[in-house]
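Contents: one structure, followed by commentary.
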Amino acid sequence: MKYLYLFGYPLGHSISPAFQNAALRACGVRRVRYVKNPMPPDKFQEIILALRAPHCLGANITVPYKQTILPLLDEVSPLAREIGAVNTVVKRANRDGSVTLVGENTDAYGFMQALRARRVNPRGQRVAILGAGGAAAAAAYALAEAGAHEIILLNRTLARSIELADRLVQKFRRMGLAINDWDALGKTQLLVNATSVGMSPHPDASPLPPHVLLAPHAVVYDLVYNPPMTRFLREAQAQGARIVGGLEMLIYQGARAFELWTGKRAPVRIMRVSAARALEEMIRAADAGHKG
Ligand code: ATR
């Protein structure tokens, strides 16, 4: 048996194994399983050992290691290098029998595909991103590439916003950038939550301070997918915003990763159905747990 791993910590919320295994089955890839491999911070270095093991075919990297993994890899694709975050590792077999660990980023693609599917075009728009980690970096990069007019970065840790803004300004010199300008929220056409705030098991939290007024007709996009209706989305909808949940991005980033690992076309529809079912089951089990 060979394995594709999901590395991160904690991983309780993740439904990636459900839809990746469904995709492997649907494409006739036998004797390969996608499994969670939670690595607490004191075991972070072991990710590389696990990746180099012959039975490992590749991996996804998630919170909180998307940025810290970069220097440990043999190669990083130009896109992942520009974003400064890796969510997928591909193992390239060399002629001399050695293996090269290549870091890729499929989050930016997944982020944009989900917006396209909802016919949201950020060209010329002022957008705000909550967060400044790996997911925020991918979202910011995708929005800048798509022609956003101005990006406002809002994050708890100022130094990380500054670092991300520095990276963006080098590539997108003509785009406007602002940091921690919370007052601008009332004038942004698209607001993205790229923090982990509101994610299960803490669904009562919101990444927005109380009583923030959004722009009329704003699009509000939460990268959190568990729960599907976060407090952030619920409150935005109550203000009249159009909302986009995180499940489509999860599926599209996973589909692109699947294609990189297997060389096969990802069965996106099958992945979507399995993801939705797994999420429902996880929520039902959590509810039963609370009641029990
Ligand atoms: P990822 O690579 O998946 O984006 P990450 O790098 O750990 O994960 O980033 C998580 C983001 O959520 C960060 O922007 C983080 O803010 P800090 O940079 O200040 O750590 C944000 N975040 C996580 N928990 C938070 C909380 N309780 N309040 C506000 N922001 C939070």
Side-chain angles (χ1 to χ4, degrees), residues 6-16 36-41 44 47 59-73 76 79-89 103-111 114 127-143 151-168 177-182 185 191-210 212 221-227 230-233 235 245-247 249-250 252-254 257:
L6 172 63
F7 292 113
Y9 192 80
L11 293 177
H13 67 280
S14 176
I15 56 165
S16 291
K36 293 183 190 180
N37 198 337
M39 289 283 189
F44 169 64
I47 293 178
N60 276 140
I61 308 290
T62 188
V63 194
Y65 304 132
K66 286 181 185 177
Q67 293 169 313
T68 42
I69 194 83
L70 258 81
L72 303 184
L73 298 169
V76 176
L79 176 69
R81 171 89 47 212
E82 277 184 341
I83 294 172
V86 160
N87 77 317
T88 302
V89 179
E104 302 272 0
N105 189 299
T106 70
D107 275 342
Y109 165 80
F111 174 89
V127 304
I129 299 174
L130 301 165
Y141 185 92
L143 289 167
I151 296 185
I152 298 147
L153 299 173
L154 305 160
N155 194 49
R156 176 179 61 178
T157 309
L158 181 64
R160 288 184 94 187
S161 307
I162 295 174
E163 209 181 300
L164 177 53
D166 274 349
R167 183 183 290 281
L168 290 167
L177 266 169
I179 293 174
N180 282 9
D181 180 3
W182 290 90
L185 273 183
L191 169 61
V192 179
N193 174 36
T195 75
S196 43
V197 180
M199 192 195 285
S200 167
H202 303 292
D204 296 332
S206 167
L208 274 187
V212 166
Y221 183 3
D222 200 340
L223 306 196
V224 171
Y225 64 85
N226 185 358
T230 56
R231 177 172 167 194
F232 174 63
L233 289 181
E235 292 180 352
L247 193 58
M249 171 175 171
L250 177 80
Y252 282 116
Q253 65 74 34

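Owing to the predicted nature of the structure, the values given are computational and were not obtained by experimental measurement. Both counts, for ligands and for their atoms, begin at 1 and track the order of listing. Along the sequence shown, residues carry numbers from 1.
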Pairing of Glu235 and Arg231 as salt bridge, 4.0 angstrom limit: yes

Contact residues of ligand 1, where a non-hydrogen atom lies under 4.0 Å away: Val63, Pro64, Lys66, Gln67, Gly131, Ala132, Gly133, Gly134, Ala135, Asn155, Arg156, Thr157, Arg160, Thr195, Ser196, Val197

Which atom of Pro41 lies closest to which atom of Tyr9, heavy atoms considered: CD-CD2, 4.0 Å

Test log, rule ring-ring contact (aromatic ring centres under 6.0 Å, His included), inputs Tyr221 and Phe111: CA-CA 10 Å; Tyr221 183 3; Phe111 174 89; 4.9 Å; yes

Ring center gap for Phe44 and Tyr65 short of 6.0 angstrom: yes

From CA spacing to verdict: side-chain contact (heavy atoms from CB on, under 4.5 Å), Ile152, Trp182: CA-CA 9 Å; Ile152 298 147; Trp182 290 90; over 6 Å; no

Leu11 side chain reached by Lys36 side chain, heavy atoms, under 4.5 Å: yes

